[in-house]
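Per chain, numbering begins at 1; letters A, B, ... match sequence-line order.
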Amino acid sequence: MPEAMRLVTWNINSLRLRLPLLEKLTTHLLPDVVCLQETKVPDPLFPAEALRELGYEHLHYRGMKGYNGVAILSRHPLEPLPDMPDWCDKEDCRHVAAMVHTPQGSVEVHDFYIPAGGDEPDPDINPKFAHKLAFVDEITDWFSARSSARTVLVGDLNIAPLEHDVWSHKQLLKIVSHTPPETQRLGRLLDTGFVDAMRHFVPPEEKLYTWWSYRNRDWQKSDRGRRLDHIWVTPDLVPELSGMMVIREARDWASPSDHVPVMLDLSPP
DNA sequence: ATGGTTGGAATCCAA
């Protein structure tokens, strides 16, 4: 029986700056597929050669100068999904999608970087927050008009939906990433036909974070984290879920991202 | 209530 297909998602917060950390991650975990967000590199400057040397021959990426940027790295052949919408007509490089053909079967992979939304949780006075809500609404409409199979949706969704996805539910209810307009919308997106694969492994009453602000002196001691990064799968893949790990120690690597990688294993039945 | 840090580009913006 073939081994599991291993997938990692990570908001790397500058791919070029953190190539050594990506190498550390991939040599230890040997993922088949890596989905990155906030690559912050325009396509002509994408470090494709360095990634091929890490074993990722098959690449699909979309980046721009300074901000955003997403990438799918694969050891196995991939085909970019054609005719993807330009969400909110901004051409801001927040989504790539591909069919990945692994020895364990083909899966459709969607890699998202949902807008952070600024500080003020009022769409009438904060256009960034309005953009965030509109972005989630658009992708929700798109997935609900479509029947997804063997699909994995990952990325920095910039929303911590459950009470124990944040260090203090009460204190964060008015903080962007955990407000009811956001968490309700993320629930609607999930309900288009996905299962929260991280919570398949960790019960909802248990704290689970993937991001700790740079602004905390001692992130481990205060542990004021949030679960902003997610891995969702369609129900047909649930019987194949065989492992999940939040790579918490990556928050302590030299010059870390403020997000840590999340790993999922899918094993054929 | 406030400020705390980081990356990329440009002397500030986004997170």
Side-chain angles (χ1 to χ4, degrees), chain A residues 9-25 35-47 50 61-71 87-88 90-95 111-123 125-136 154-161 165-168 170-179 181-183 185-186 209-230 247-262:
Chain A
T9 181
W10 192 17
N11 179 322
I12 195 168
N13 189 14
S14 175
L15 172 56
R16 285 174 293 176
L17 187 68
R18 281 184 245 286
L19 266 174
L21 299 191
L22 183 65
E23 176 171 19
K24 180 171 178 160
L25 178 79
C35 295
L36 300 174
Q37 305 87 37
E38 281 205 271
T39 55
K40 294 185 175 177
V41 56
D43 291 347
L45 300 178
F46 192 84
Y61 51 87
R62 186 168 295 139
M64 60 193 286
K65 190 173 174 178
Y67 309 103
N68 308 338
V70 282
W87 310 111
C88 303
K90 286 188 180 289
E91 296 184 348
D92 57 355
C93 306
R94 295 181 179 278
H95 177 219
D111 180 12
F112 278 104
Y113 175 51
I114 289 181
D119 289 332
E120 178 55 58
D122 181 347
I125 60 176
N126 174 10
K128 290 184 203 168
F129 194 68
H131 177 213
K132 181 177 198 172
L133 300 182
F135 190 101
V136 179
V154 307
D156 177 4
L157 307 186
N158 265 317
I159 298 172
D165 291 339
V166 294
W167 61 275
S168 169
K170 201 175 167 184
Q171 284 176 262
L172 287 171
L173 272 171
K174 291 179 177 171
I175 301 298
V176 171
S177 73
H178 195 60
T179 68
E182 296 167 86
T183 56
R185 274 175 175 80
L186 201 69
Y209 313 139
T210 64
W211 173 89
W212 293 262
S213 171
Y214 284 128
R215 297 176 191 180
N216 289 334
R217 263 277 161 235
D218 188 337
W219 73 275
Q220 296 216 64
K221 191 178 173 200
S222 54
D223 199 19
R224 295 186 167 188
R226 304 179 202 169
R227 185 169 71 112
L228 303 179
D229 303 274
H230 298 271
I247 317 300
R248 219 180 133 101
E249 59 265 34
R251 190 62 181 76
D252 261 344
W253 290 349
S255 191
S257 170
D258 45 353
H259 296 253
V260 298
V262 184

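Residue whose closest nucleotide on DNA chain B sits further toward the 5' end, between A:N216 and A:D119: A:N216. Both A:G66 and A:G118 lie close to DNA chain B; mapped to their nearest nucleotides by heavy-atom distance, the more 5′-ward contact belongs to A:G66.
With sequence neighbours left out, A:D119 forms a side chain to side chain contact (heavy atoms under 4.5 Å, CB included) with no residue at all. For A:S213, there are no side chain to side chain donor-acceptor pair (under 3.5 Å) partners, not counting sequence neighbours. For A:Q220, the side chain to side chain donor-acceptor pair (under 3.5 Å) partners are A:D252, not counting sequence neighbours. Residues meeting the side chain to side chain donor-acceptor pair (under 3.5 Å) test with A:R251, sequence neighbours left out: none. By the side chain to side chain donor-acceptor pair (under 3.5 Å) test, A:T183 pairs with no residue at all, sequence neighbours left out. Partners of A:S255 according to the side chain to side chain contact (heavy atoms under 4.5 Å, CB included) rule, which considers only residues two or more places apart in sequence or in another chain, are A:R18.
Judged by distance alone, the side chains of A:R226 and A:S177 do bring a donor and an acceptor atom under 3.5 Å apart.
Residue A:R94 is in sugar-phosphate contact alone, with no base atom involved, counting any heavy-atom pair closer than 4.0 Å across all strands shown. Residue contacts shown for A:S255 are limited to sugar-phosphate atoms, with no base heavy atom under 4.0 Å away.
Every pair passing side chain to side chain donor-acceptor pair (under 3.5 Å) that includes a residue from residues 35-44 of chain A is listed here, sequence neighbours excluded: A:T9-A:Q37, A:N11-A:E38, A:N13-A:K40, A:Q37-A:D111, A:E38-A:Y113.
Taking every heavy atom of residues 13-21 of chain A and every atom of DNA chain B, pairs under 4.0 Å involve A:N13, A:S14, A:L17, A:R18, by number.
Protein chain A contacts DNA chain B from B:dG4 to B:dA15, reading 5' to 3' and using non-hydrogen atoms of the protein with a distance under 4.0 Å.
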